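Input: a single structure, listed below in C-alpha cells.
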Number of protein chains: 2
Amino acid sequence: MVATALRLVDDVGVQAFTVRMLADALGSGTATLYRHFTGRDEILVYVVDHVLGEITTPAPDGGASWQESLVAVADGLYGTLRRHPHIVPLLIAQVPVGPNGLAQRERVLRLLAERGFPADLGARAFTAVTHYVIGFAAQQHGPGSADPDGAPALAAFYRGLDPAAFPSITAASQALTDTPLEEEFHFGLGLLVRGLELLRDEPPQG
Amino acid sequence: MVATALRLVDDVGVQAFTVRMLADALGSGTATLYRHFTGRDEILVYVVDHVLGEITTPAPDGGASWQESLVAVADGLYGTLRRHPHIVPLLIAQVPVGPNGLAQRERVLRLLAERGFPADLGARAFTAVTHYVIGFAAQQHGPGSADPDGAPALAAFYRGLDPAAFPSITAASQALTDTPLEEEFHFGLGLLVRGLELLRDEPPQG
DNA sequence: ACCTGAACACCGTTCAAGT
DNA sequence: ACCTGAACACCGTTCAAGT
C-alpha cells in the first residue's frame, strides 16, 4: 500500500500523484483509501518515512571516527534522495517524525553523544548536516520545477547567459563544467565536518 | 500584479494560492491572467524573483572581509525567507533564474572572486551557503506541512516523546529549548565559513 | 461491519463569444 | 486587438447506498 504509493510518486512525482491513481493501482475506489488514511497528506507522510527506512546507517559499534560516521550518514541520506528525487520536496515540507525518521535521528544523536558531543552541539550538528544534504539534493533540478532532467539543463542555461552581463557566473559555470555532483556535494559536507571539529574541541563563542 | 500575487502567497501559502484568487484580487477573470503568464507556475516564478529582489546585499566596495560579506548575504537571504516563509517551498522547487536571482548570484560570485577565490571554489561556496540557508529555513515548520506555526509545535512534539525510547532526542531537545533560532542558524553558517577559510588558504585535496 | 459508486465543491486551463 | 463568462477535464474528499 505504502510501497505502491512510493512507486507511483517515484514514477510521476508528488505533484502528479493522485489519490485516484493509487486507488486504481490497488484495484479499489478512492473512498476505500480514506478508511486507512485521513487524506492525501497522511499518505505522503508514510511514503516519506518508508523511504527513510531504506537508509543504511553505519553500525554504531564500528571503529569509525565520528567524522566518518557523520559523512556516512550524510551519504546514506543523499544516496537515498538521489534514488528517490521526487521525495525531496516532501522532506522539505515536513519534518520527518515517522518511526524511521525518529529512529534515524536518535541513532545519530547517540553516536555523536558517545563521541563527546554535548547534547545541544550534537543536535545542531545533525540539523546542519541534514539541512545541507536536503538543500543540496533539492537544488538538483533545472530552472522551472517541471523540468524532467534538471542538472544538465541548468548547466546549459548558465552557459547560455551573456558573458558580458554575468561574467562571474559564466566563469564559474565553465570551471564547474566537469565537476561531478558527488564531488561538489562532498566539498560542502567536508566544510561542515571540519567546522564541527573546531567547535567540538574548543568552547563555542557565538 | 506580481506584488498582489506575492501578498496572496504570503497570506495563504503556495498550496492554497489559486489563480481564481489572484484574478478576483485584481478585479478581473482568470482568463485575463493567461494573457500575461503562461500559467500558474510562471506566476510563481515571478513571485520568487520579486522576493529575491528584496534582499539587501552589502555594498561590494565596503571594507568588509569576505567572511563578513558572505555572512551578510546569508543573513539577507535568511531574513527575507523568514519574512516570506511561504516562499521557501518555491525556492526549493526551482533554481531562481529570474533577473534578481541571477543578479544576486553574479554579485556574490564577483565578491568572492575579488577576494581571491578561484571561480570553481567561489561557485561551490555560494551553492553550499545558499543550500544551507534554504534548507535551514525550510525545516522551520512543524510535523505535517499544514501546521500553522511550526517551530514551537515541533519542540513540543519532541518533548512529548517517550524518553526511554528516544533518550538522545529528548536530551537534545531539552538542551536546545532556549536556543534562539537565529543562534542555531549562525552556528551552522559559522561552520561553513570556517571550513571555507581553510580551503581558500590551502590547496584542496578531495 | 466493511466497502464503494456517485456526487460535491473545488482546481488549472481553454475558447467561443463579446466589446 | 483585447478581454472574459462559461465551460472542460480534472482534483481531494464525502456519504448514502450497497454487500
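Per chain, numbering begins at 1; letters A, B, ... match sequence-line order. The structure displayed is predicted, hence computed values, not measured ones.
Of the options A:Val51, A:Leu52, A:Val9, A:Leu91, a side-chain contact (heavy atoms from CB on, under 4.5 Å) to A:His84 is made by A:Val51 and by none of the others.
At the heavy-atom level, A:Phe17 lies under 4.0 Å from the strands shown only through sugar-phosphate atoms. Counting non-hydrogen atoms under 4.0 angstrom, A:Thr30 reaches a base of the nucleic acid.
Between B:Tyr34 atom OH and D:dA7 atom P the separation is 18 Å, expressed in whole Å. With rounding to whole Å, B:Leu22 atom CG is found 13 Å from C:dG12 atom C1'. In this structure, A:Arg40 places its CZ atom 19 Å from P of C:dC10, rounding to the nearest Å. Across the protein-nucleic acid pair, B:Arg35 atom CZ and C:dT19 atom P stand 17 Å apart, rounded to whole Å. For the pair A:His36 NE2 and D:dT13 C1', the interatomic distance rounds to 16 Å; values are reported in whole Å. Taking atom CD1 of residue A:Ile43 and atom C1' of nucleotide D:dT13, one finds them 11 Å apart after rounding to whole Å. Atom CG of B:Asp41 and atom P of C:dC11 are 16 Å apart (whole Å). Distance, A:Leu26 CG to C:dT4 P: 11 Å, rounded to whole Å.
Both B:Gly39 and A:Arg20 lie near DNA chain C, and the one whose nearest nucleotide falls closer to the 5' end is A:Arg20. The residue among A:Thr38 and A:Met21 whose nearest nucleotide of DNA chain D is located toward the 5' end is A:Met21.
Ring centroids of A:Tyr158 and A:Phe166 are separated by 6.0 Å or more, keeping the two rings apart.
By the 4.0 Å N-to-carboxylate-O rule, B:Glu197 lies too far from A:Arg194 to be salt-bridged with it.
In this entry D:dC11 has no Watson-Crick or G-U wobble partner, no candidate having both defining distances under 3.5 Å. Using N1 to N3 plus N6-O4 or O6-N4 for Watson-Crick, or N1-O2 and O6-N3 for G-U wobble, each under 3.5 Å, C:dC2 pairs with D:dG18.
Closest to the B:Val19 side chain, of the nucleotides C:dT4, D:dT4, C:dG12, is C:dG12. Considering only the side chain of B:Thr18, C:dC11 comes nearest among D:dT4, C:dC11, D:dC11.
Using a 30° and 60° split on the angle between ring planes, B:His131 and A:Tyr132 fall in the tilted class, from 30° to 60°.
Remark: A:Thr32 is not in phosphate contact with C:dC3, judged by side-chain N or O atoms under 4.0 Å from OP1 or OP2.
Using modelled atom types, one side-chain atom of B:Glu106 and one backbone atom of A:Ile169 make a donor-acceptor pair closer than 3.5 Å.
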